[in-house]
Amino acid sequence: MNTLSPSEIVISAEKSALQKIEFSTRKTVILGILAGIYIAMGGLLSLLIGSGFPEITNNNPGLQKLLSGCMFPLGLILVVIAGAELFTGNNAILIPGVLNDKYKWTAVWKNWVIVYFSNFIGALFFVYVMVHSTGVVASDPWHSAIKNIAVAKVSMSWITVFLKGIGANWLVCLAVWLGMSSSSTAGKFIGLWFPVMGFVAIGYEHSIANMFFIPLGMLQGADISVYDFLVSNLIPATLGNIIGGALFVGSFYWYAYLKK
């Protein structure tokens with residue numbers, strides 16, 4: 001199994017970014033929608049398994065976190081191995097190249113904006129068509145669980161969500177880094193799985209995942225307004241995700257290995 005060195009991973013990220021910014025808008029949108037769907041798939045599996053054994057997990061909260069964490073990486077595995085454009089991963093991947101003047105910041109902002117809203121479209125499509133409309137979580141324990149999850153996510157302070165957003169994408173982008181380190185499917189799978197499992201088990205806030213969890217909770221009857229969703233969670237989680245990925249992964253590793 002071939003494994004890239006830390007410096008080779010940063011170079012690989014730069015090469016990947018050069019390809020991403022050359023994608024047409026249409027291709028970026030399609031791949032962004034797919035990524036939103038894939039992350040929602042991981043979120044649904046995490047919900048069904050993590051909240052599916054209440055008689056065991058009610059007295060073992062760590063077990064519930066572990067079960068949810070073990071299932072959620074499905075989303076990022078699909079994004080990286082099948083191929084899709086994920087906002088949070090691109091927060092780190094596009095940074096080494098722009099800091100090396102391979103392209104301009106306008107290309108980064110354009111990619112982030114298009115991918116972010118495409119992820120949102122994909123997540124909402126999956127929430128409404130593939131989950132709400134099919135009644136997958138219409139019965140307990142999942143019906144109550146998703147409402148409680150959504151309410152909890154909008155009940156934290158702004159700064160708490162922001163800091164948890166940093167932690168989430170720090171780990172997600174490290175997962176992307178580890179995924180790029182291997183040329184084999186098995187190696188990528190292992191590299192992607194553990195950091196993502198960690199961020200979910202810890203309870204950090206991932207903006208694209210929350211585009212699944214909170215709207216689904218709202219559709220199931222959670223007392224949450226659109227304002228609560230956007231202002232109390234999505235905005236601070238998104239800003240934290242950008243810091244966690246762009247600064248703590250993309251910028252720091254660029255400085256360590258590629259800065260002239």
Side-chain angles (χ1 to χ4, degrees), residues 1-20 31-32 34-46 49-50 65-97 111-112 115 119 164-209 212 240-258:
M1 183 184 298
N2 294 325
T3 303
L4 300 181
S5 68
S7 60
E8 290 172 330
I9 295 173
V10 187
I11 294 170
S12 178
E14 185 178 78
K15 291 179 179 178
S16 176
L18 289 169
Q19 182 184 40
K20 288 175 182 291
L31 292 174
L34 287 175
I37 291 170
Y38 295 160
I39 295 300
M41 288 177 176
L44 178 60
L45 184 62
S46 175
I49 303 302
K65 292 177 180 290
L66 177 62
L67 290 173
S68 293
C70 286
M71 299 298 107
F72 190 82
L74 168 67
L76 190 62
I77 289 169
L78 290 173
V79 167
V80 172
I81 297 179
E85 287 291 294
L86 181 65
F87 169 76
T88 46
N90 286 1
N91 289 160
I93 290 176
L94 269 62
I95 295 301
N111 177 274
W112 285 0
V115 172
N119 291 168
K164 286 189 172 185
I166 293 175
N169 211 28
W170 197 341
L171 282 165
V172 167
C173 289
L174 286 174
V176 172
W177 242 237
L178 295 182
M180 287 190 294
S181 73
S182 175
S183 60
S184 72
T185 301
K188 289 181 180 296
F189 186 100
I190 295 169
L192 292 165
W193 183 83
F194 207 89
V196 176
M197 182 277 290
F199 107 72
V200 175
I202 292 168
Y204 287 151
E205 294 294 309
H206 187 264
S207 59
I208 311 305
F212 165 79
N241 289 168
I242 292 171
I243 298 298
L247 178 62
F248 292 127
V249 180
S251 296
F252 282 4
Y253 279 109
W254 165 81
Y255 185 87
Y257 292 110
L258 286 189

Asker: Any heavy-atom pair between the side chains of L178 and F194 that's under 4.5 Å?
Answerer: no
Asker: Can you name the nearest heavy-atom pair linking C173 to V249, along with the distance?
Answerer: CB-CG2, 3.7 Å
Asker: P96 versus Y253: any side-chain heavy-atom pair under 4.5 Å?
Answerer: no
Asker: Give me the atom names and distance for the closest heavy-atom approach of S68 to S46.
Answerer: O-OG, 3.0 Å
Asker: Hey, could you give me the CH2/CG distance between W112 and N90, rounded to the nearest 0.5 Å?
Answerer: 9.0 Å
Asker: Using a 4.5 Å cut-off on heavy atoms from C-beta on, say whether the side chain of V10 contacts that of W177.
Answerer: yes
Asker: Compare every heavy atom of A17 with every heavy atom of I93, then report the nearest pair and how far apart it is.
Answerer: O-CB, 3.5 Å
Asker: Atom CG of N241 and atom OG1 of T88: how far apart are they, to the nearest 0.5 Å?
Answerer: 6.0 Å
Asker: Please report the C-alpha distance between S184 and F189 in whole Å, then the side-chain angles of each, then the deciding distance to 0.1 Å, and finally whether the side-chain contact (heavy atoms from CB on, under 4.5 Å) criterion is met.
Answerer: CA-CA 9 Å; S184 72; F189 186 100; over 6 Å; no
Asker: Between CG of L86 and CG of L78, what distance do you get to the nearest 0.5 Å?
Answerer: 11.5 Å
Asker: With side-chain contact (heavy atoms from CB on, under 4.5 Å) as the test, would you mind laying out the steps for L76 and V176 before giving the verdict?
Answerer: CA-CA 8 Å; L76 190 62; V176 172; 4.2 Å; yes
Asker: Quick one: are M71 and V200 in side-chain contact, heavy atoms under 4.5 Å?
Answerer: no
Asker: Which value, rounded to the nearest 0.5 Å, describes the distance between I242 atom CD1 and N169 atom CG?
Answerer: 9.0 Å
Asker: Is the number of heavy atoms from other residues, nucleotides or ligands within 6.0 Å of CZ (F248) greater than 12?
Answerer: yes
Asker: I'd like to know whether OH of Y255 has more than 12 heavy-atom contacts from other residues, nucleotides or ligands below 6.0 angstrom.
Answerer: no
Asker: How about I95 and S251: do any of their side-chain heavy atoms sit closer than 4.5 Å?
Answerer: yes
Asker: Take I202 and L171, measure what side-chain contact (heavy atoms from CB on, under 4.5 Å) needs, and give me the verdict at the end.
Answerer: CA-CA 11 Å; I202 292 168; L171 282 165; 4.2 Å; yes
Asker: Which pairs count as salt bridge (charged side-chain N to carboxylate O under 4.0 Å, His left out) when at least one residue sits in residues 188-206, sequence neighbours excluded?
Answerer: K153-E205
Asker: Is any side-chain heavy atom of F87 closer than 4.5 Å to one of I208?
Answerer: yes
Asker: For residues N119 and I39, determine if any side-chain heavy atom of one lies less than 4.5 Å from a side-chain heavy atom of the other.
Answerer: no
Asker: So which heavy atom on M197 is nearest to which on P73, and how close?
Answerer: N-CG, 3.8 Å
Asker: Mind checking the CG-NZ spacing from L18 to K15? Nearest 0.5 Å is all I need.
Answerer: 9.5 Å
Asker: Enter the distance from W170:CH2 to I243:CD1 here, rounded to the nearest 0.5 Å.
Answerer: 11.5 Å
Asker: Of all heavy-atom pairs between A201 and K65, which one has the smallest distance, and what is that distance?
Answerer: O-CD, 3.3 Å
Asker: Heavy atoms only: give me the nearest K20-N111 pair and the separation to one decimal.
Answerer: O-ND2, 4.3 Å
Asker: The test is side-chain contact (heavy atoms from CB on, under 4.5 Å); show your working for L34 and E85 and say whether it passes.
Answerer: CA-CA 8 Å; L34 287 175; E85 287 291 294; over 6 Å; no
